[in-house]
Structure formats: structure tokens, C-alpha cells
Amino acid sequence: MPASEGAPSDARRRRRACGVRSQPLFFATSMVLLARAALSPSSRRGVARAFSNPAAIASRQRRFGGRGGTQSVRLATGTGTCSATDARDEAARFVVASRGDLEGMTVKELKSYMTSQGIVVPRGQGSKLKLKGQIVEFIWNHRADDGEGADVANGGVDGADDVRGADGEIFEDETPSVANGGVNGADDVRGANEHKTPSSTPRRRGNLARSARTGMPPLPPVASIAEEEENEEEVDNDDDDDDDDESDVTPTATASRVVTAKDRIFLDVLNRYPPLRESVLRARASSAGGANDEEITLSNIHEYDPSLLDYVVPSGVGEDDVRQRHHPVLRGATQSDMDLIFVGTASCAPGITRGVSCTALRLNWRGARDGRGDDRAAGKDASSSAEQRAGHVSGTWLFDCGESTQLSIQRTPSVKPGKISKIFVTHCHGDHSFGLPGLLCLMGTDRDRSSPPVEIHGPEGLRMWLRAAIRYSVSRVVPPYRVHELMDVPMAPEWTEGRWKNGRYYFQLGRERENRANGDGRGNWRMQGLAGEDPTSWISRAPMLNLEASRDFGEVDGGRDIFPAYDHPLSHDGAPVWEVVSEDDVAVRAAPMSHGVPCVGYVVEERDQPGRLQPELVREAIERNREGLKAAGIRNPMKVMATVKDLPVGGSYEFPDGTVLRQEDVVEPPRRGRKVVICGDTANSRALEGLGKDADVLVHEATNTFLPGVDKDGDLKLVTKDAKIHGHSTPYMAGEFAKRINAKTLCLNHFSARYKGDQSIESMTIMTRMERQALKASGLPEDAVAAAWDFMVLPVARTG
């Protein structure tokens with residue numbers, strides 16, 4: 001018969017054969033899917049464990065005539081395959097009694113452990129198990145869900161005993177896994193005969209409960225401190241060759257454990273804050289059911305994992321904050337007549353543990369003598385003189401006033417609303433200005449209408465915005481105030497307007513280097529971002545609003561428009577400088593920052609003070625010449641001391657008996673005035689370099705950073721790039737600027753909302769790591785760098 005008439009062709013026979021072979025596979029797959037759909041989530045997990053447990057497989061092989069433990073049965077898991085014999089050998093290698101044992105393994109050992117225990121990675125989660133910390137977290141949660149977490153005393157984290165059948169199969173409680181929603185509040189669906197294995201001890205707080213209480217994620221293991229400090233931006237994402245911890249860990253006296261970087265940081269935090277260490281020791285003793293007199297060391301630090309202990313987190317504020325008493329920057333600090341209070345240290349929006357930007361500077365010498373003020377407070381401005389005549393204490397200045405500042409100020413006794421005399425705003429963003437109307441209303445309830453006006457300084461447009469806010473809200477309670485505007489604040493050269501020319505500027509990474517300096521060494525600070533360029537912007541339209549100042553709503557005359565000087569002797573990189581306040585005892589200047597809107601940073605500089613007279617060196621000569629001085633017409637010879645003190649440098653005074661006292665012999669050298677630099681939001685603070693040289697304190701933002709082990713994606717280079725694009729800085733950038741200006745103390749602030757400000761171990765560990773990044777960049781000692789917290793009080797001591 002011709003092939004075309006009836007005989008099937010070769011291609012047709014092949015298709016028919018393939019169809020026959022595919023039918024059994026199709027039906028088998030369908031049956032598996034139907035059976036899986038019929039089972040509850042917990043039953044499916046039970047079946048998966050039964051079919052993946054090496055001991056159970058070996059038992060079934062013997063029961064049904066197989067070759068027992070010698071048969072090579074492949075086990076399909078999420079991480080690979082192994083034989084039943086290999087699985088039992090692998091299981092014998094690992095004894096996991098605590099989470100620290102998991103953290104002591106390498107990535108390869110962790111994967112082998114997962115294979116030996118038959119731990120299956122749920123579909124879709126394999127891509128999330130890249131780093132060692134993620135794998136440890138997954139295994140530990142899996143063990144906790146199955147009731148297998150081993151406790152030192154009871155054999156399990158939850159106190160549950162392993163119940164094994166005759167063939168070695170493990171019968172565990174059927175708590176739904178995280179993947180199936182059991183931990184996160186899903187209903188625990190059980191059959192009529194299902195029950196949980198009874199626990200012999202109460203369940204401890206696990207990682208999820210700990211996170212809910214502190215608001216911070218449990219600390220995963222991180223790369224070693226040595227590696228982190230050498231190259232912060234390198235993160236190993238290789239699944240197959242991730243042995244990075246083996247070369248960096250330090251063996252301890254316990255041969256089965258190695259010390260991780262997490263252990264070192266944890267121990268450093270506990271040693272830094274003794275009350276926190278005592279809290280952890282008490283929690284450990286309580287969980288162990290008895291007294292605990294041992295010291296916490298690297299050899300036993302894994303037994304004090306904060307995620308497993310229900311320790312008490314300190315909650316004191318101000319002087320009662322453990323950081324105020326024990327942080328290296330404040331350890332041994334004494335009272336000073338100038339100090340900083342960090343009222344708010346967060347960015348974007350206020351949270352539970354941090355308020356947004358507000359820093360108070362207290363000039364405590366003002367108003368210290370009988371309510372009339374120190375003789376140094378005789379200012380040049382009319383407002384300053386009026387304050388002295390009225391006996392008003394005018395020693396508290398605020399820098400920025402973000403949303404909810406009026407609430408934060410009422411939580412600390414260090415800042416009294418009635419004593420605030422000046423407010424300086426760095427830029428218009430809400431986390432720096434939204435609190436101003438509310439704060440003025442609070443201040444008005446504690447002031448008389450005859451008191452001197454509050455002096456408010458900020459970039460152009462602030463006067464009309466505040467006038468409109470107060471007028472719209474009919475806030476007649478505000479105290480008298482006046483606004484001084486810093487005019488023509490330019491955008492930094494590295495910011496360029498978008499192609500739509502709508503007044504929005506974008507950071508250009510390439511131009512940051514190109515615009516650093518031109519041929520004569522001066523930067524290219526162009527006149528960009530000023531009023532009039534964008535006709536729809538607030539600073540362009542504010543002068544056209546028909547809204548006059550009114551004393552009924554607090555505003556008084558006298559507000560100045562302060563224009564910049566590009567030829568100022570302290571100008572750096574060609575940036576302009578504003579002379580904001582000039583008084584006999586203090587001067588305030590400003591320079592532009594690199595941010596997405598016009599923004600400035602302020603430098604407060606105390607005037608140099610004359611040296612103090614050493615009276616004991618003059619009194620002897622006066623007593624010896626008392627009669628001679630009276631004969632010369634000096635009725636009170638002791639007044640000679642004032643004459644000697646006021647001698648010019650190099651001058652001298654001759655007594656009747658021929659004794660000559662030189663000024664430099666009896667008067668100490670002049671005391672250098674203190675300098676405080678407070679930056680606004682910035683991706684580059686170079687414009688303040690001339691003004692801020694040799695600062696006693698630098699307050700610099702550190703909005704974000706990269707912390708290996710905490711941040712699962714990216715690296716330091718990407719985080720730094722992202723920070724600059726948004727007009728912000730990292731701790732490294734803050735430290736580098738502190739080094740350039742030779743600052744003596746560096747305080748970081750303006751943290752992202754993901755960095756909590758409470759006194760939990762998790763929060764303070766992260767802040768300690770950020771401080772170390774700034775320490776490395778700045779070269780400053782440990783007692784000169786602090787990541788600020790709300791209501792921190794920092795005395796500004798004299799150093800020269």
C-alpha cells in the first residue's frame with residue numbers, strides 16, 4: 001500500500017508514540033494536584049515531611065522490601081538532592097541547639113543542613129535566600145514553626161520534646177508555617193484528632209514578637225566588623241561560593257562555635273550601656289529559672305540573643321536616658337554655659353521614637369545675673385537692647401521647627417517655650433518648617449504682649465508663608481514676631497532644572513565633579529533657583545500677594561531682607577555668605593547647601609573672650625603700695641586690678657615703689673570663642689568649609705546608609721548615590737566633612753524613619769554601626785562622634 005493511502009508516516013507514528021507516553025504522566029500529575037488540593041495546608045506539610053524525612057524513607061524501604069539504608073533514593077528539596085544514607089550522615093554532623101549554632105555555619109553547611117533535615121523551600125521564596133542571614137532566619141523560623149527549636153534546658157525553644165515513632169519518624173505539632181500564614185494570624189485549621197504537642201515551659205518571644213514590641217527587625221548576622229570597615233560596599237550574593245565568614249570570624253574557647261560580627265557589636269553595646277546589660281542578665285536569669293551571676297563574654301554571648309529574651313527596654317527621657325549617662329561623647333561631660341538639645345532627629349515625618357528636625361542651642365550666660373543678663377549680652381541690635389531692658393531671658397535659639405515640634409518641646413524640661421528668642425529655618429520642606437505656626441501659638445500662651453519679638457530667620461518666602469498660615473488659622477495668640485529673609489539662596493551647581501522648566505531641580509552626579517572648581521579655583525555657584533525664574537513658584541508669587549503685616553496677628557515691623565556676599569573673606573568654593581546676626585557676644589552666618597530646594601546651613605560663633613586676671617599676682621603689689629597709691633589720688637587701691645586687667649597686650653603698669661606688672665604676666669591669654677555648625681539637608685556641605693573651620697561641634701545629617709546584614713539589597717555605593725540624588729548624606733559623607741573642617745565633635749541627625757530612636761538593643765546596635773562609619777571617615781576618637789537621639793543634651797565645652 002502506498003504510504004499516502006493508509007500507512008502512517010514516520011512523523012505520525014512519532015506523534016502517536018509521544019501521545020501514548022505522555023498520557024500516564026498527565027494522569028499522574030493530575031492525581032497529585034487533586035490530592036494536594038484536597039489536603040489542608042498543615043496536612044500537606046505533614047505529607048511533605050513524611051516523604052522527605054531520611055529516616056522515614058529508609059523505614060519504608062525496609063518495610064516494602066527495598067534495600068534499606070543502602071539504596072540510593074534521591075530526595076527532592078528546595079536546595080538540592082541527596083541519598084538517604086548521605087542525609088543521615090549529614091544530620092549526624094550538625095547539632096543545632098541554638099540560633100548561634102546556625103550563625104556559626106557557613107552557607108554551604110547551612111544548605112547541607114537544610115537538605116539533611118528535609119527542609120523544603122516554598123515556591124517563590126528561593127530567590128529570597130541569597131545571603132547567609134536570610135538562610136539562618138528561614139531555618140530558625142522553620143524550626144520554631146515545627147516546635148524543633150532546641151533550648152539549652154528543655155530541648156527546644158518552645159519547650160516541646162521531640163516525639164519519635166519506632167522507625168525514627170518525627171511526630172511534631174502541626175502549627176501552620178509562615179508561608180501558610182500560621183504565624184501571621186491565619187486560623188489554625190486542625191482535624192478532630194489533631195492536637196498540639198504539650199509544652200513543658202512557656203513560649204518565649206520569638207523573632208516576630210520581638211519585632212512587634214521594638215519596631216525593629218531582628219538583627220541578622222552581618223559581615224565581620226573588619227570586613228565592614230575595610231569595604232562597606234561589597235556584598236557577597238554568590239549562592240554557591242559564600243564562605244565569607246570563615247576567614248573573618250574569631251574562634252572562641254568553645255570549639256563548636258565561632259564569634260560573629262553580630263556577637264562583637266552586641267557585646268560592645270552591652271558594655272557601653274550597663275543598665276541595658278543588667279536588663280539582659282535579669283531576663284536570662286528569669287528564662288533559666290534561677291539566678292545568673294555569670295559575665296557576658298564572647299564565649300557565651302550567643303545565649304543572650306535579644307530576640308529570644310523578653311528583656312525590659314529602658315524608657316527614660318533626657319537625663320534618665322541611658323545614653324545620656326553612658327554614651328562615650330557624654331561620659332564625664334560637665335555643665336557648660338553653652339549646650340545643644342536635639343529636640344527632633346528624624347527626617348520626613350515624626351514617629352513614635354523620633355520627632356522631626358529641631359535643634360536648640362542654649363546660651364546659658366544670657367540672663368544669668370539677677371534676670372538682667374550677662375554683661376556680654378549687650379547686643380548691637382535694637383531688639384537685643386530691648387530684651388535686656390525688659391529683663392527677658394533670651395538664651396534659647398531653635399534651628400528648624402518641623403512638624404509636631406511643639407509637642408516634643410513639652411516632653412523635655414531642657415527647652416522652655418517662653419525662653420525661645422530666635423528661630424532659624426534652613427529650608428522650606430515640611431519636616432523643617434511645618435511646626436513653626438504651632439510653636440508660635442504655644443509660645444504665645446507663655447509670653448506677654450509687651451515682650452520683645454521673636455526673631456525668625458530663613459530663606460526667601462518664609463515671611464509671607466508664615467503670615468498666610470497665621471492669618472488663615474486666625475491665630476491671634478501668637479507672640480510678637482518678625483521675619484528676616486535670606487534673599488537669593490542659589491541652588492548648588494550640581495543641581496539642574498528639568499527639561500520641563502517647571503522649577504524642579506535634579507542632582508547630576510557628573511556635574512558634581514565638573515563644577516567643583518573652575519580655572520581660578522572658585523566654584524561655579526550660578527544664580528539659579530532664584531525668585532522670578534519660575535513664575536509659578538512660591539518665592540516668585542509671594543511678593544505679589546496683597547497681605548500686609550498686622551500686629552493683631554503678631555507680626556511687627558523691622559524684618560530685614562539679608563542679601564548674600566560672594567566676596568566674603570570666609571566664602572569657600574565661590575559660594576555666597578549671609579551675615580545673619582551680629583551681636584557683641586555671638587555672630588551667626590549662613591552658606592548654601594546642596595539640596596533639592598534653596599537651603600542653607602548656619603554657623604554660630606562666639607566672640608573671643610578676654611583673658612581672666614590672676615588676682616593673686618596683683619594683690620601682693622597693691623598691698624605693698626597701698627599708701628603710695630592713696631597718696632597718688634587712688635582712694636580705693638583695689639581698683640588698680642581693673643586697670644591692670646584692661647591693659648592692652650604688651651602693656652604694663654608701674655607701682656609707686658617701682659614694681660612693674662606686665663599684662664601678659666598677670667592676665668591669662670584670650671579665650672577662643674566656641675563655634676557650632678548646624679547643616680541643613682545636604683548632599684555636599686562644602687560651602688560651609690570656610691565658615692566652619694575648627695568647629696567645636698558639627699551637626700550633620702546622615703539620612704541613610706548601607707548596613708550589611710540589615711539591608712538585603714544594594715551596597716554602599718548605590719545607597720550613597722541614592723542619598724545624593726535626593727539631596728541627603730550618609731555617615732561617611734558627614735565624617736569626611738568633619739575631617740575637612742577639623743571639627744572636634746560630630747553629631748549625626750536627620751535619620752530615615754527606618755532607624756528607630758528608642759533604647760532597645762536593636763536600635764542602639766544600628767546607631768553604633770552608623771557611628772563607626774562616621775568614625776572611620778572622620779578619624780575622630782570614639783568619644784567625639786554620636787548618632788543623636790531625641791532630647792540628647794550636649795554641652796559645648798571650651799577647648800582653647
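A donor atom on one side chain and an acceptor atom on the other are found under 3.5 Å apart for Asp758 and Ser763. Donor-acceptor pairing under 3.5 Å is recorded for the side chains of Arg607 and Ser582. For Thr730 and Gln773, the side-chain atoms include no donor-acceptor pair closer than 3.5 Å. When only modelled atom types and interatomic distance are considered, Arg354 and Ser347 share no side-chain donor-acceptor pair under 3.5 Å.
A ring-centre distance under 6.0 Å is found for His327 and Trp789.
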Pair Thr359, Asp400 - check side-chain contact (heavy atoms from CB on, under 4.5 Å), show working. CA-CA 7 Å; Thr359 304; Asp400 281 328; over 6 Å; no
Assess whether side-chain contact (heavy atoms from CB on, under 4.5 Å) is satisfied between Val586 and Trp397, documenting all intermediate values. CA-CA 12 Å; Val586 179; Trp397 297 355; 3.8 Å; yes
Might you work through the side-chain contact (heavy atoms from CB on, under 4.5 Å) test for Phe563 and Asp561, ending with a clear yes or no? CA-CA 6 Å; Phe563 288 89; Asp561 292 340; 4.0 Å; yes
Assess the residue pair Glu606 and Lys675 against the criterion (salt bridge (Lys or Arg N to Asp or Glu O under 4.0 Å)); give the C-alpha distance rounded to whole Å, side-chain angles, the decisive distance to 0.1 Å, and a yes or no. CA-CA 6 Å; Glu606 181 188 23; Lys675 183 183 294 186; over 6 Å; no
For the pair Glu485 and Ile562, evaluate side-chain contact (heavy atoms from CB on, under 4.5 Å) and give the outcome as yes or no after the intermediate values. CA-CA 6 Å; Glu485 289 190 335; Ile562 307 172; over 6 Å; no
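Leu462 has its side chain within reach of Leu436: a pair of non-hydrogen atoms, C-beta onward, lies under 4.5 Å apart. You'll find the side chain of Asp681 stays beyond 4.5 Å of the side chain of Met593, heavy atoms only. In this structure the side chain of Phe399 reaches within 4.5 angstrom of the side chain of Leu361, judged on heavy atoms. Annotation: side chain of Phe791 is not in contact with side chain of Val415 (no heavy-atom distance under 4.5 Å). Side-chain contact between Val676 and Asp696: absent, with no pair of heavy atoms (C-beta onward) separated by less than 4.5 Å. For the pair Arg362 and Ser414, the minimum side-chain heavy-atom distance is below 4.5 Å. Using a 4.5 Å heavy-atom threshold, the side chains of Phe751 and Glu701 count as separate. Counting heavy atoms from C-beta outward, His700 and Thr682 have side chains that approach closer than 4.5 Å.
Sparse packing is recorded around NZ of Lys416, with 12 or fewer heavy atoms of other residues, nucleotides or ligands lying under 6.0 Å away. For CG of Asn502, the number of neighbouring non-hydrogen atoms (other residues, nucleotides, ligands) closer than 6.0 Å is greater than 12. Within a 6.0 Å radius of CD in Glu579, more than 12 heavy atoms belonging to other residues, nucleotides or ligands are found. Crowding of Leu547 atom CG: a count of heavy atoms from other residues, nucleotides or ligands under 6.0 Å exceeding 12. Sparse packing is recorded around CZ of Arg551, with 12 or fewer heavy atoms of other residues, nucleotides or ligands lying under 6.0 Å away.
Between Thr405 and Gly402 the shortest heavy-atom distance is OG1-O, 2.6 Å. For the residue pair Pro350 and Val356, the shortest heavy atom distance occurs at N-CG1, 3.3 Å. In terms of heavy-atom proximity, Tyr481 sits nearest to Phe553 at CE2-O, 3.6 Å. Taking both residues in full, the closest heavy atoms of Met487 and Pro564 are given as O-CD, 3.4 Å, listed atom of the first, atom of the second, then distance. Between Ala360 and Val343, the shortest heavy-atom distance links the atoms CB-CG2, 4.3 Å. Nearest heavy-atom pair across Ala695 and Val677 is CB-CG2, 3.7 Å.
Rounding to the nearest 0.5 Å gives a distance of 5.5 Å between CD1 of Ile678 and CG of Leu340. Atom CD in Glu736 sits 14.0 Å away from atom CZ in Arg686 (nearest 0.5 Å). Rounding to the nearest 0.5 Å gives a distance of 6.5 Å between CG of Leu486 and CH2 of Trp578. With values rounded to the nearest 0.5 angstrom, Arg323 atom CZ is found 8.5 Å from Asp790 atom CG. Taking CE from Met733 and OG1 from Thr720, the interatomic distance works out to 7.0 Å, rounded to the nearest 0.5 Å. Here Asp339 contributes atom CG and Leu794 contributes atom CG; the two are 8.0 Å apart, rounded to the nearest 0.5 Å.
Between the side chain of Asn704 and the backbone N or O of Ala723 there is no donor-acceptor pair closer than 3.5 Å. In terms of modelled atom types and a separation under 3.5 Å, the side chain of Asp783 and the main chain of Val329 share no donor-acceptor contact. Side-chain N or O atoms of Gln759 include none that pairs as donor or acceptor with a backbone N or O of Met764 at under 3.5 Å. Under the 3.5 Å distance criterion, the side-chain polar atoms of Thr426 are left unmatched by any main-chain donor or acceptor of Gly680. Remark: the backbone N or O of Ser550 is not paired with any side-chain donor or acceptor of Glu555 at under 3.5 angstrom. Between the side chain of Ser473 and the backbone N or O of Ala469 there is at least one donor-acceptor pair closer than 3.5 Å. Side-chain N or O atoms of Glu494 include none that pairs as donor or acceptor with a backbone N or O of Ser594 at under 3.5 Å. The backbone N or O of Glu548 sits less than 3.5 Å from a side-chain atom of Arg471, completing a donor-acceptor pair. Between the Ser778 side chain and the Gly735 main chain, no donor and acceptor come within less than 3.5 Å of each other. Ser433 places a side-chain N or O within donor-acceptor distance of the main-chain N or O of Cys428, the cut-off being under 3.5 Å.
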Distance-only donor-acceptor hits, side chain of residues 737-749, under 3.5 Å, sequence neighbours excluded:
residue	atom	partner	partner atom	Å
Arg740	NE	Glu689	OE1	3.3
Asn742	ND2	Asp694	OD1	2.9

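With salt bridges taken as basic N to acidic carboxylate O contacts below 4.0 Å, none links Asp608 and Arg672.
Under the ring-ring contact (aromatic ring centres under 6.0 Å, His included) test applied with Trp495, the options Phe507, Tyr505, Trp525 reduce to a single match, Phe507. Screening Lys422, Arg482, Arg560 against Glu455 for a salt bridge (charged side-chain N to carboxylate O under 4.0 Å, His left out) leaves a single residue, Arg482.
Considering only residues two or more places apart in sequence or on other chains, Ala591 meets the side-chain contact (heavy atoms from CB on, under 4.5 Å) condition with Ala687, Leu688, Leu691.
For residues 428-452, every residue pair satisfying the ring-ring contact (aromatic ring centres under 6.0 Å, His included) rule, not counting sequence neighbours, is listed here: His427-His429, His427-His432, His429-His595, His432-His750.
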